[in-house]
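Encoded as structure tokens, the structure appears first; notes follow it.
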Amino acid sequence: MSVELPYAPVDTLIREAAPEMRVSSGAAEELALRIQDKGASLAVEAAEKASEDGRKTIRAEDFDFEKHRISKESLILPVAPVDRIARLRVDNYRVRKEARLALAVHLEAWATEVAEASAKLARHAGRRTVQQEDVKAYFDVCGDR
């Protein structure tokens, strides 16, 4: 499976969640894969809601997210790859601009929580570097909330 999300913004997201820590490339790659999987799954659910309404366009309200007023410019995760992620498992659907933004905001908040917890696991292990095993351990313990 190819990764649609560049690793650099994911690395930045982890560094902002744990500024005193270093980040391994494996940790950024693992979190990028998890973000992609989560985003694609959420888009499938949103497409099912759109289909129930007889639409071929996914709207922001098809996602059951809290409404956030965040501009595209304030996000760390780029919206264009999030659009590609939204289309990975749904064919023949359009994704409205506000839906892409809502998904990006939600995924960034979710990934920040994962990054903070992964950093906590790294500190607990006596390391100053968040590693791939920390991200995997988070999902082993907490699942994909």
Side-chain angles (χ1 to χ4, degrees), residues 1-52 57-91 93-145:
M1 167 173 54
S2 69
V3 180
E4 297 293 334
L5 190 62
Y7 299 147
V10 177
D11 181 90
T12 300
L13 193 141
I14 298 170
R15 289 178 192 279
E16 286 195 5
E20 75 287 359
M21 305 288 288
R22 293 183 299 240
V23 179
S24 75
S25 61
E29 180 180 354
E30 183 68 27
L31 187 52
L33 284 167
R34 300 292 184 140
I35 292 168
Q36 178 169 305
D37 188 53
K38 177 84 169 172
S41 296
L42 291 169
V44 167
E45 293 172 14
E48 289 170 0
K49 288 181 182 176
S51 182
E52 288 171 5
T57 301
I58 297 172
R59 299 182 194 161
E61 55 267 15
D62 293 325
F63 294 110
D64 289 329
F65 305 149
E66 229 177 83
K67 301 289 187 216
H68 296 283
R69 293 285 178 214
I70 297 179
S71 69
K72 179 180 171 180
E73 293 76 28
S74 64
L75 286 172
I76 295 171
L77 296 180
V79 177
V82 171
D83 179 42
R84 291 191 297 274
I85 289 169
R87 297 167 196 267
L88 281 175
R89 297 185 194 153
V90 293
D91 293 326
Y93 279 86
R94 292 177 300 279
V95 183
R96 292 185 68 158
K97 181 180 176 181
E98 60 271 7
R100 292 190 295 263
L101 184 58
L103 182 58
V105 168
H106 179 78
L107 290 175
E108 187 168 309
W110 176 80
T112 298
E113 290 177 24
V114 173
E116 289 169 350
S118 298
K120 199 178 264 188
L121 290 169
R123 281 191 292 276
H124 181 72
R127 288 184 275 103
R128 291 181 28 102
T129 304
V130 178
Q131 297 179 351
Q132 184 176 22
E133 66 191 65
D134 301 314
V135 177
K136 285 183 176 182
Y138 170 85
F139 287 101
D140 289 344
V141 173
C142 299
D144 177 25
R145 304 180 203 204

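Residue Asp134 comes nearest to Ser118 through the heavy atom pair CB-O, 3.5 Å, listed as atom of the first residue, atom of the second, then distance. Minimum heavy-atom separation, Pro9 to Ile76: O-CG2, 3.3 Å. Nearest heavy-atom pair across Thr129 and Ala122 is O-CB, 3.6 Å. Scanning all heavy atoms of the two residues, the minimum distance from Asp62 to Thr57 falls at OD2-O, 3.8 Å. Contact record, Glu116 with Ala17: CG-CB, 3.7 Å, taken as the closest heavy-atom pair. Considering all non-hydrogen atoms of both residues, Leu75 and Ala104 come closest at CD1-CB, 3.7 Å.
Listed by first and then second residue, the ring pair (Phe, Tyr, Trp, His ring centres under 6.0 Å) pairs involving residues 125-144 are Trp110-Phe139 (not counting sequence neighbours). Among pairs with a residue in residues 16-30, those fulfilling salt bridge (Lys or Arg N to Asp or Glu O under 4.0 Å) read Glu20-Arg123, Glu30-Arg34, at least two apart in sequence or across chains.
Checked by atom type and distance alone, the side chain of Glu4 never pairs as donor or acceptor with a backbone atom of Gln36 at under 3.5 Å.
Residues satisfying the ring pair (Phe, Tyr, Trp, His ring centres under 6.0 Å) criterion with Tyr7, sequence neighbours excluded, are absent altogether. Listed by chain and residue number, Ile58, Asp83, Ala86, Arg87, Ala99, Arg100 satisfy the side chain to side chain contact (heavy atoms under 4.5 Å, CB included) test with Val95 (two or more places apart in sequence, or in another chain). A search for side chain to side chain donor-acceptor pair (under 3.5 Å) contacts involving Glu108 returns nothing, not counting sequence neighbours.
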Name every donor-acceptor pair, under 3.5 Å, that has one atom in a side chain of residues 40-52 and the other anywhere in the protein, sequence neighbours excluded.
unit_1 : atom_1 : unit_2 : atom_2 : d
Ser41  : OG     : Asp37  : O      : 3.0
Ser41  : OG     : Arg89  : NH1    : 2.9
Lys49  : NZ     : Asp64  : OD1    : 2.8
Lys49  : NZ     : Asp64  : OD2    : 2.3

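When each of Leu103, Leu13, Ile85, Val105 is checked for a side chain to side chain contact (heavy atoms under 4.5 Å, CB included) with Leu77, only Leu13 meets the rule.
Considering only heavy atoms from C-beta on, Ile35 stays 4.5 Å or farther from Val114 through its side chain.
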